[in-house]
There are 2 protein chains.
Amino acid sequence: MNIGEIAKRAGVSRSTVSYALSGKRPVSNDTREKIQRVIDDLGYRPNASARALANGRTRTIGLVFPPAGDHYTGMQLDFIGSVVEAAAAYDYDVLLSPSGVDRDRSFQRLLGERRVDGAILMEIRLQDDRVDHLLAAHFPAVCIGRTAQPERDWWVGLDHTVLAAACVHHLADLGHRRVAFVNRPERLLRAGYESAHRGLDGFTKAAAERGLTVRTYTCGDDAPSGQACLERILHDDPATTALVTLNEAALGGLYRGLAHAGRHVPRDFSVTGVVAARWAETVTPQLTAADVPAAQMGRLAVELLVERLDQPDAPPRHQLLAPPISLRASTGPVGTVAPVSAGSDVNA
Amino acid sequence: MNIGEIAKRAGVSRSTVSYALSGKRPVSNDTREKIQRVIDDLGYRPNASARALANGRTRTIGLVFPPAGDHYTGMQLDFIGSVVEAAAAYDYDVLLSPSGVDRDRSFQRLLGERRVDGAILMEIRLQDDRVDHLLAAHFPAVCIGRTAQPERDWWVGLDHTVLAAACVHHLADLGHRRVAFVNRPERLLRAGYESAHRGLDGFTKAAAERGLTVRTYTCGDDAPSGQACLERILHDDPATTALVTLNEAALGGLYRGLAHAGRHVPRDFSVTGVVAARWAETVTPQLTAADVPAAQMGRLAVELLVERLDQPDAPPRHQLLAPPISLRASTGPVGTVAPVSAGSDVNA
DNA sequence: CGGGATGGTCGAACCGGTTCGACAGGGGTG
DNA sequence: CACCCCTGTCGAACCGGTTCGACCATCCCG
């Protein structure tokens, strides 16, 4: 069922069918209706590859996955979902590209083979060769996150510096003096992940400003690592009374570590950080945190990309978000007495 | 940089370049090397749309998203990640299609416009018109989950009946007599979600077999709903001592509800269910559960689909998995005394 | 009433690959 | 030596759309 078939049955030429469909040239009512009837009868839909070949637009955007690869956090899930939905609203499909496995190969697929009109990158690093590469190739891309040269690029990002600082101030206001910072995994920090770096930065500076005693940690993206990390924290400085985490996936483990150590949240120990709302609400007590507006960010990224695709030479645009801290139940004033060493409510 | 350009610079015809690349006809070593040099110099990559148009294969598979839409569970994330990676290994891209928003439209995009060679469907319902539709169209598809007529289709699925029954037996063996079942949301059950139905079935039958007193509930896919659900459970029958859940996203809320009610897990109350390992490990105490092998299922689905694409007329194949229960820390023998009405460790 | 817009349609070229048939030349076989 | 087969290459057709230029009617305006 190709356009030629439709043309034949409607008794017109192929170009007339095309114009009837696209509206790029006038077509009389009679013929348009005749064509439409045939199309409806046969359930005809124009072939996407042929169309893409002819006009150079695939109406597909590439969503480039984390270079991390081994697994995904809940935040990433929210990004993916919102990007897909926003793209659908603009009549774009989304092609997933795992930049983790074999970056060059999948980039070649996306760009070299022209599978997509533009790309959205996740998990940006401060020095990100993927971004440099796309920039050099003048390929339309939007980052979720900022590189170290944010002016060059199109992006939507979270102000992790401000967010981490806000967490520090919140804790300092509650009287906490010894605070730990739980970052993403060592490997990602080394690789230059922007959220990990800027978050650490914001934390460190704000803590210095408030004269806090701090220790910073990296922690694997899973619950067992979180638990282990918490044990290290209390081992290194048992007088720690609060922590700030950027590590969503470790959150459950951190809580477990606290429970095992007999520290009650928030009575003996306060926890806060930067986490998507959905995950902040799954732990008990619910996490007081700067909620990552993942859905909004995905939508914004698509909007920027579509805008860029529509006018290829527009100057870079960006959007920096800094959501406020949502007060829930995991932080409180520092206790006046030293924390008890073990609660009654601990598992064996 | 198209194939004609390469041909010109290498001093051969376009078809020779094509054959040098595909190997479908012999090409002399000399010319092959000459061509390869030009290709390397120019960084040429064949255009995917043109190729797809010419040979009818897009080398893309569609991943059809839940009809549920409003948000995604962790299990789905694992499916997506593993499907993308497995597909990459077979040199396929993955196109995401939100069947939730406007099912017909996105199906038309995938199938009618020939954007993909085949599809993987998630969140199958017992009567699933998407599956019927694909079957009628002879479109190569593989389901993650089973319809009510599993013989017709290609699928990889979890034996929720057996899994739910295993949970019941596990609890019964520990002496529990009054058990609640926490299912996916009402809406999904009504829509005929297979996991919800077969899970409920397995639970009910096994409970009858063991002579247990049970109540079954549906519960929204989020923590607050889980908490509310647990309150209902204890309100309806305060003597309940255990629950089985299929609802991963509600898990955190169920735990919170228990904590608020002063029921200690697993001393006063046992919790088990069917949940992906990663999420079973984030709660404290860690959940004893039948671990959903999401990564393996995604990989298997891709393998089946690739097989089906390679030989279009093969008879349906399927794979039914029933992972064993992983013993962690959330279940235990039923207490000999009635549970205390409130603990000392509850938040205000 | 002549001439220039305007509306409506067609044929042909093009996008960038793949593939088929044809053919030239060399080597082996009867 | 005639024949055939195989290797290596080319030109042309094709996949299914879009778009440009040309053409013929009308219609409006001066």
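Everything quoted here is computed from the prediction, not taken from an experiment. Order of the sequence lines fixes the chain letters, A, B, ..., with proteins taken first and strands second; residue numbering starts at 1 for each chain.
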> Does the ring of Tyr92(B) carry Arg59(B) above it, NZ/CZ under 6.0 angstrom from centre and within 45° of its axis?
Replying inline: yes

[atom1] of [X] versus [atom2] of [N]: gap in Å, rounded?
{"X": "Glu5(A)", "N": "dC15(D)", "atom1": "CD", "atom2": "C1'", "result": "15 Å"}
{"X": "Arg14(B)", "N": "dC10(D)", "atom1": "CZ", "atom2": "P", "result": "13 Å"}
{"X": "Tyr19(B)", "N": "dT19(C)", "atom1": "OH", "atom2": "P", "result": "7 Å"}
{"X": "Leu53(A)", "N": "dC15(C)", "atom1": "CG", "atom2": "P", "result": "9 Å"}
{"X": "Asn29(A)", "N": "dG7(C)", "atom1": "CG", "atom2": "C1'", "result": "12 Å"}
{"X": "Arg114(B)", "N": "dG16(D)", "atom1": "CZ", "atom2": "P", "result": "8 Å"}
{"X": "Asn47(A)", "N": "dG16(D)", "atom1": "CG", "atom2": "P", "result": "7 Å"}
{"X": "Asn55(B)", "N": "dA13(D)", "atom1": "CG", "atom2": "C1'", "result": "16 Å"}

Identify whether any heavy atom of [X] sits under 4.0 Å from a base atom; if not, whether one sits that close to sugar-phosphate; answer base, sugar-phosphate or nothing.
{"X": "Ser28(B)", "answer": "sugar-phosphate"}
{"X": "Pro26(B)", "answer": "base"}
{"X": "Thr31(B)", "answer": "sugar-phosphate"}

>> Quick check: on DNA chain D, is the nucleotide nearest Ala54(A) upstream (toward 5') of the one nearest Arg25(A), or the reverse? Name the residue that is more 5'.
In response: Ala54(A)

> When you match Lys24(A) and Val12(B) each to their closest nucleotide on DNA chain D, which lands nearer the 5' end?
Replying inline: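 Its nearest nucleotide lies further toward 5', so the answer is Val12(B).
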
> Which comes earlier along DNA chain C counting from the 5' end, the contact point of Ile3(B) or that of Gly11(A), where each point is its nearest nucleotide?
Replying inline: Gly11(A)

Of the nucleotides [options], which has the atom closest to the [X] side chain?
{"X": "Ala50(B)", "options": "dG17(C), dT9(D), dG17(D)", "result": "dG17(C)"}
{"X": "Arg51(B)", "options": "dG11(D), dG17(C), dG16(D)", "result": "dG17(C)"}
{"X": "Asn2(A)", "options": "dG17(D), dC10(C), dG17(C)", "result": "dG17(D)"}

> Hey, is NE2 on His133(A) packed in by over 12 heavy atoms from elsewhere, all under 6.0 Å?
Replying inline: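 Result for NE2/His133(A): open.
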
>> Looking at Arg32(B), I'd like to know if its CZ atom is crowded, meaning that more than 12 non-hydrogen atoms belonging to other residues, nucleotides or ligands lie closer than 6.0 Å.
In response: yes

> With no hydrogens and no angle check, is any side-chain donor or acceptor of Thr16(B) less than 3.5 Å from a backbone partner on Val12(B)?
Replying inline: no

>> Show the nearest heavy-atom pair for residues Ala119(A) and Val64(A), with the distance to one decimal.
In response: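 Scanning both residues, the minimum pair turns out to be CB-CG2, 4.5 Å.
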
> With respect to the phosphate group of dC10(D), does any side-chain polar atom (N or O) of Thr16(B) fall under 4.0 Å of OP1 or OP2?
Replying inline: yes

> Looking only at side-chain N and O atoms, does Ser18(B) come under 4.0 Å of OP1 or OP2 in dT18(C)?
Replying inline: yes

> Is there a donor and acceptor pair closer than 3.5 Å between the side chain of Ser15(A) and the base of dG11(C)?
Replying inline: yes

